[in-house]
Amino acid sequence: MSSPAISTLKMMLAKDLVREMRSKEIFLSSFLFSVILMAAFHFASAANRMPIEYIPTTALWVCILFSGTLGLNRTHASELKNGCFRALMLAPKEAGWIYLAKVTSNALLLGFTLCLLVPILVLFFQFNPGSALFPLLLSLILGILGFVAVGTVIVAVTANTRMSDILFPIIQLPLQVPVLIAGTQATQLCLEGKTPTDWWQFLVAINVVYLSIGFLVYEFLLEE
Amino acid sequence: MTARKLLIHAIFLALLIAVMECAILWALVIAPADREQGDVQRIFYFHLGSIWPAFLAFFYVLYGSIAYLVTRKQIFDHRAFVAGQVGLAFGSLVLITGPIWAKPTWGIWWTWDARLTSMLVLWLIFLGYVMLRDYIDDATKRERLSAILGIAGGVMVPFVYLSTRWFETQHPSPVIMGDKESGIKDPQMVNALLLALAAFSLLAIYFWRRGIELVHSDARLQALRRRTLDLEENV
Amino acid sequence: MKNLGYLASAYTAIWLVLSFFLAKLYMRNQKLNREIDQLETRIKELESKRGSGAE
C-alpha cells in the first residue's frame with residue numbers, strides 16, 4: 001500500500017465523519033426514517049397477522065435500502081452544496097482512492113445507524129440474534145459494503161441530473177436487487193442458525209467486482 | 001445516402017420482411033399445436049425470439065460504454081445508447097408476452113420465478129440507463145455519465161441472474177404444469193423457433209441502425225443550431 | 001382450439017409495440033430532417049448576407 005493512498009483515505013474519512021458529527025444530518029434522516037419505517041412495518045403486517053419472528057429480516061433490509069438511499073443522497077448533496085465536490089475534482093489525489101474513502105465513510109455511517117436500529121428491532125419485534133451474532137454481523141457488513149459500493153457510484157452519476165432526488169432511487173434500486181436478495185437470505189439463514197456460506201461468497205464477489213469497477217470508473221466521474 | 005448504401009438497405013429490408021413472413025407462417029400455421037398447451041404455445045416462438053435480441057442489446061450497452069470511455073469516440077456512445085433503447089423495446093415484448101402465455105398455461109399471470117424476476121430487474125436497470133440521458137442538461141457530461149451507468153448496469157447482469165437463480169432453488173415456485181410432456185419436440189417447432197429468432201434479430205439490427213442514424217442527425221442538428229446562432233449574432 | 005384469445009392478444013401486443021417503436025423512429029427522423037433542412041437554408045441565407053455585407 002502506498003502512503004498517498006492511506007493519507008487520502010484518512011483525510012477523506014476524517015472530513016466526512018467530522019462533518020457528520022457536527023451536522024448529524026445522516027443520523028437524523030436515516031435513523032429517524034428507519035424508526036418510522038419500522039412502525040409502518042408493524043401496522044402493515046399486523047393486519048394479516050404476519051408472524052412477528054419473520055419481520056426483523058425484512059424490516060432490517062428495507063431500512064438499509066431506503067434509509068441508505070436517503071443517506072447517500074444527503075451526503076452527496078451536502079458535498080455539492082459547499083463546493084466540496086469541486087475541490088475533490090481538483091484535488092491531486094487518485095480518484096480510485098477517493099472512491100474507496102467515500103465508500104468507507106458511507107458504510108461507517110450506515111453501519112452506525114444500523115447499530116442503533118438493533119435495540120429497536122429487539123424492542124419492537126422481539127429480535128433475538130442469540131448465538132448467531134457473529135455470522136449475522138458478517139452478513140450485514142458484507143451487505144452494507146455491497147450496497148454502498150454500488151450506491152456511491154450511482155449517486156455521483158445521478159447528481160448531475162435535473163431530478164436527482166427522484167432519479168437516484170429509481171436508477172439505484174434495481175441495481176441493488178442482487179445485494180438485497182443475498183443480504184436478506186444470508187440474514188435469515190443466520191437467524192435460523194445456519195451458515196450461509198454461498199451467500200457470503202456471492203456478497204464477497206459483488207463487493208470485489210463493484211469496488212474494482214468503482215475504483216476504475218470514479219476517475220471519469222471526477223472529470224469536469 | 002449513396003446508391004450502394006441504398007441498395008444494401010433495400011436488400012436488408014427485403015430479407016427482413018421475407019424472414020418475418022416465414023416466421024409468422026411457421027409459428028402460426030406450419031408448426032403443430034403443442035399437445036398440452038394447445039395453441040397458446042405459439043406465443044412462445046416470438047417470446048423467446050425477443051429475449052435473444054434484448055440480451056444481445058444489453059451486453060452491447062456494456063461493451064459500447066467501455067469502448068466509449070476508453071476511446072472517447074462518440075460513435076460508441078451512440079451505439080450503446082440505441083442498443084439500450086432497442087433492448088428495452090424487446091425486453092418490453094418479453095414482459096408483455098410472458099404473462100399472456102403464463103395465464104392459460106400456469107393459471108397465473110406472474111410468478112417470482114428466476115427467469116421472470118431477472119428479466120424484470122434487467123428491464124428496470126436499462127430503463128434507468130435510457131432515462132438518465134433525458135435529465136442531464138449539460139451536454140458535455142451526458143455521454144460520459146451514461147457510459148458509467150451503462151457499465152454499472154451491464155456488470156450487474158450476471159449477479160442479477162445468479163441471485164435470482166439461487167433464490168429460486170431455495171423457494172420452490174409453483175409447480176409448472178405441462179413442462180415434461182410439452183416443449184419443443186416437433187422439427188417444425190424447431191424451425192418456427194429458429195425463424196422467429198432470426199426474424200427478431202434482423203428486426204433488432206434494423207431498429208438499431210435506424211436509431212443510430214437518428215442520433216447522428218440529432219447531433220448534426222445541434223451543431224447546425226449552434227452555427228445558426230453564431231451567424232445570427234454576427235450578422 | 002382453446003385459449004385463442006390469449007394467442008391473439010399476445011400477437012396483437014407484439015405488433016402494437018413494434019409498430020409503435022417503428023412509428024416513433026420514423027416520425028422523429030422526419031422531424032429531425034425537416035429541421036435540418038430549415039436550418040441549412042437559413043445558414044445559407046445568413047452566409048450570403050454576411051458575404052454581401054462584408055464587401
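Model, not experiment: these values are computed from the prediction. Naming convention: chains lettered A, B, ... in sequence-line order (proteins, then strands); numbering from 1 in each chain.
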May I ask you to name which of [options] has the most heavy-atom pairs under 4.5 Å with chain A?
options: B:V121, B:L124, B:I148; answer: B:I148
options: B:R72, B:M131, B:R133; answer: B:R72
options: B:L132, B:D134, B:I136, B:T117; answer: B:L132
options: B:Y129, B:W123, B:Y135; answer: B:Y135

*asked:* At a heavy-atom distance under 4.5 Å, which candidate from A:I206, A:V177, A:I170 has the highest pair count against chain B?
replied: A:I206
*asked:* Looking at B:Y63, I want to see if its OH is surrounded by more than 12 non-hydrogen atoms of other residues, nucleotides or ligands under 6.0 Å.
replied: no
*What are the residues of residues 140-154 of chain A, in order of number, with any heavy atom under 4.5 angstrom from a heavy atom of chain B?*
A:V150, A:V153, A:I154
*Report yes or no: is the cationic atom of B:R79 (NZ for Lys, CZ for Arg) under 6.0 Å from the centre of the six-membered ring of B:F76, at an angle within 45° of the ring normal?*
yes
*asked:* On the six-membered ring of B:Y206, is B:R210 placed so that its NZ or CZ lies under 6.0 angstrom from the centre and within 45° of the ring axis?
replied: yes
*Classify the angle between the aromatic ring planes of B:W106 and B:W101 as parallel (below 30°), tilted (30 to 60°) or perpendicular (above 60°).*
perpendicular
*asked:* What's the separation between atom CZ in A:F124 and atom CE in A:M38, rounded to the nearest 0.5 Å?
replied: 8.0 Å
*Starting at CG of A:L136, measure out to CG of A:L189 and round the result to the nearest 0.5 Å.*
11.0 Å
*Salt-bridged, B:D138 to B:R144, with N to O below 4.0 Å?*
no
*When the ring centroid of B:F200 is compared with that of B:W52, is the distance short of 6.0 Å?*
no
*Could you walk me through whether A:E79 and A:R19 pass the salt bridge (charged side-chain N to carboxylate O under 4.0 Å, His left out) test, one step at a time?*
CA-CA 10 Å; A:E79 194 101 79; A:R19 193 189 53 209; 3.8 Å; yes
*With a 4.5 angstrom heavy-atom cut-off, could you sort out which part of A:I181 is near chain B: side chain, backbone, both or neither?*
side chain
